[in-house]
Amino acid sequence: MNKPSVVHLIEHLAKEGFNEIVITIGYMAEKIEESLGDGRMFGVHIDYVYEETKLGTAGSVKNAEEYLKDEPFIIVGGDHVMDLNLRNMYRYHETNDAMVTIGLMSIDDPREFGIADMDVNNRIHRFLEKPGPGEIFSNLASTGIYMCCPEIFDWIPENQQYDFAKDLFPALMNDDRKINGMLVRGHWTDVGSAHAYREAQRWMLESLPGTSIEGNFKTKNSRIVGPLKIGNNVSVGSNSALVGPIVIGENTTIGNNVLIGPYTAIGSNCVIKDNSRILSSYIFNDVTIGNNSNASGSIIDNNTVIGKNCSMENGTVIGPRVNINDDSTIHSDVKIWPEINIKAGSRIKETIIDPEFE
Ligand SMILES: CC(=O)N[C@H]1[C@@H](OP(=O)(O)O)O[C@H](CO)[C@@H](O)[C@@H]1O
């Protein structure tokens with residue numbers, strides 16, 4: 001949707017009335033600070049707490065204790081996007097006497113999460129992080145959204161790797177302290193994998209309110225079906241079709257006979273040349289896609305150039321700064337990043353990741 005996911009998260013927190021925010025950062029610290037600043041543009045105040053060594057989920061919150069010690073607070077993951085009613089969750093915690101209340105969601109396949117066993121009074125009796133085969137005793141997954149009382153700080157050691165799910169929850173349960181669960185409904189995605197990222201884009205695009213087109217939009221004889229959100233200075237050639245929900249940034253040029261299908265986001269300064277097809281794909285900024293090429297269920301990162309007659313099959317993740325030369329096929333679920341040159345006529349079946357990048 002042409003915004004860093006953390007911006008969507010802060011906007012949601014602001015909308016729910018949380019205006020004092022502390023971000024514990026390590027990985028990509030500068031990028032996060034650059035996108036959010038002191039929070040003023042979102043109507044909130046943001047403080048940053050830096051993590052020199054990896055402290056785990058609870059250790060990093062302990063590191064921010066000075067900002068949190070006076071009243072109950074809510075913890076969300078920096079890679080979450082959601083539309084959950086966090087205000088209700090916070091109120092619910094305030095009115096029950098648990099030390100921690102965990103937001104739980106009923107999920108089909110909870111293997112990637114912590115799972116909880118909860119009774120009719122909302123008390124959690126068992127919690128298991130990332131259950132293995134044969135261990136999935138519940139489909140109630142922890143969203144990693146925790147409403148906490150400041151007393152939890154007495155339980156978390158300082159400057160030491162310590163996790164909510166693996167360390168704190170078992171310790172509290174062993175001592176018969178109360179951890180409650182709250183069943184939540186709505187959209188919530190942790191965008192830590194390409195699959196989850198696409199899922200988040202999909203539900204966000206689904207909630208586009210209608211069609212908004214900024215100035216200087218040019219098109220001839222093309223079929224444009226909303227909902228759409230189109231930035232300044234976008235042009236679409238003749239005999240093309242745009243079928244929403246679609247978001248397009250600024251200064252993007254789309255050629256003739258191009259099909260842009262539903263659930264697609266295209267960034268700014270992109271060029272999509274004649275006869276190409278883009279379906280359910282997320283294209284970032286400054287991307288060029290050559291004549292007669294297609295992308296389906298793909299994520300294409302900044303400054304990537306794709307030649308003519310190329311095919312990006314379902315689930316591919318390409319870029320930033322990758323060149324795919326003419327007549328190449330990138331087979332489904334292959335990832336190629338970053339700054340890699342794929343020569344003309346290639347058939348790529350395996351992921352290629354520059355080891356220096358990881
Ligand atoms: C140690 C820990 O806190 N694990 C959490 C946390 O897992 P990550 O793999 O760290 O994202 O977030 C999950 C929700 O995204 C939650 O289900 C899980 O219990």
Side-chain angles (χ1 to χ4, degrees), residues 5-6 8-10 12-13 22-28 32 49 51 53-65 68 73-84 86 89 93 98-118 122 124-133 135-149 152-153 155-157 160-174 177 179-201 203-204 358:
S5 72
V6 73
H8 288 287
L9 177 64
I10 298 293
H12 184 63
L13 289 169
V22 185
I23 306 188
T24 68
I25 42 179
Y27 182 62
M28 289 206 170
I32 292 170
V49 177
E51 211 169 297
T53 56
K54 284 195 176 175
L55 294 174
T57 48
S60 79
V61 173
K62 174 77 175 174
N63 200 29
E65 182 172 358
L68 304 169
F73 54 92
I74 184 163
I75 300 174
V76 300
D79 61 351
H80 291 176
V81 286
M82 63 176 92
D83 65 3
L84 302 179
L86 296 173
M89 293 166 75
H93 177 72
M99 205 185 274
V100 180
T101 308
I102 306 177
L104 299 174
M105 258 191 150
S106 168
I107 276 179
D108 274 350
D109 179 3
R111 275 175 299 179
E112 289 301 309
F113 303 100
I115 55 169
D117 192 9
M118 187 179 83
N122 297 335
I124 293 178
H125 295 280
R126 199 170 159 202
F127 192 94
L128 181 64
E129 182 65 10
K130 314 247 164 36
E135 289 182 326
I136 309 174
F137 56 80
S138 160
N139 75 337
L140 290 181
S142 161
T143 55
I145 302 175
Y146 310 130
M147 285 66 77
C148 299
C149 295
I152 62 157
F153 290 118
W155 292 78
I156 309 173
Q160 197 178 310
Q161 186 145 357
Y162 203 76
D163 251 356
F164 280 102
K166 290 189 211 130
D167 305 307
L168 181 69
F169 299 157
L172 292 177
M173 277 189 272
N174 264 341
R177 303 290 161 141
I179 303 180
N180 276 351
M182 180 181 179
L183 297 171
V184 293
R185 275 181 305 178
H187 292 111
W188 164 84
T189 322
D190 146 351
V191 295
S193 70
H195 170 77
Y197 181 85
R198 283 199 302 271
E199 193 180 300
Q201 289 267 16
W203 69 254
M204 286 202 130
E358 284 256 294

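Counting convention: from 1, in listed order, for ligands and their atoms alike. Because the structure is predicted, anything quoted here is derived from the model rather than measured.
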Between the CG atom in L140 and the CD1 atom in I124, the distance rounded to the nearest 0.5 Å is 8.5 Å

Check ligand 1 against W188 and write out every atom of the ligand that is under 4.0 Å from a heavy-atom position of the residue. 14 (C), 15 (O)

Could you pull out all residues at least two apart from R126 that satisfy side chain to side chain donor-acceptor pair (under 3.5 Å)? none

How far does CG of L86 sit from NE2 of H12, to the nearest 0.5 angstrom? 4.5 Å

Minimum non-hydrogen distance to atom 18 (C) of ligand 1, winning option of H80, E112, E129: E129

Give yes if a backbone or side-chain nitrogen or oxygen of K130 is under 3.5 Å from a nitrogen or oxygen of ligand 1, and no if not. yes

Suppose we measure from atom 1 (C) of ligand 1 to each protein heavy atom; which comes out shortest, and what is that distance? D163 OD2, 3.3 Å

Nearest protein heavy atom to atom 12 (O) of ligand 1, by residue and atom, and its distance? G144 CA, 4.4 Å

For F113, take its heavy atoms, then give the atoms of ligand 1 lying under 4.0 Å from any of them. 14 (C), 17 (O)

Using distance alone, with no hydrogens and no angle criterion, decide if D117 and H125 have a side-chain donor and acceptor under 3.5 Å apart. no

N or O pair under 3.5 Å between F127 and ligand 1: no

Between ligand 1 and D190, is the shortest N or O to N or O distance under 3.5 Å? yes

Between T143 and ligand 1, find which residue part has any heavy-atom pair under 4.0 Å and reply side chain, backbone, both or neither. backbone

Please indicate whether E112 has more than 12 foreign heavy atoms, meaning atoms of other residues, nucleotides or ligands, lying under 6.0 Å from its CD. no

Any heavy-atom pair between the side chains of K62 and L55 that's under 4.5 Å? no

One residue to check: Y146. Relative to ligand 1, which of side chain, backbone, both or neither has a non-hydrogen atom less than 4.0 Å away? side chain

How many angstroms lie between atom CD1 of I145 and atom CH2 of W188, to the nearest 0.5 angstrom? 7.0 Å

Tell me whether the rings of H187 and W203 are parallel (<30°), tilted (30 to 60°) or perpendicular (>60°). parallel

Sub-3.5 Å N/O-N/O distance, S142 and ligand 1: yes

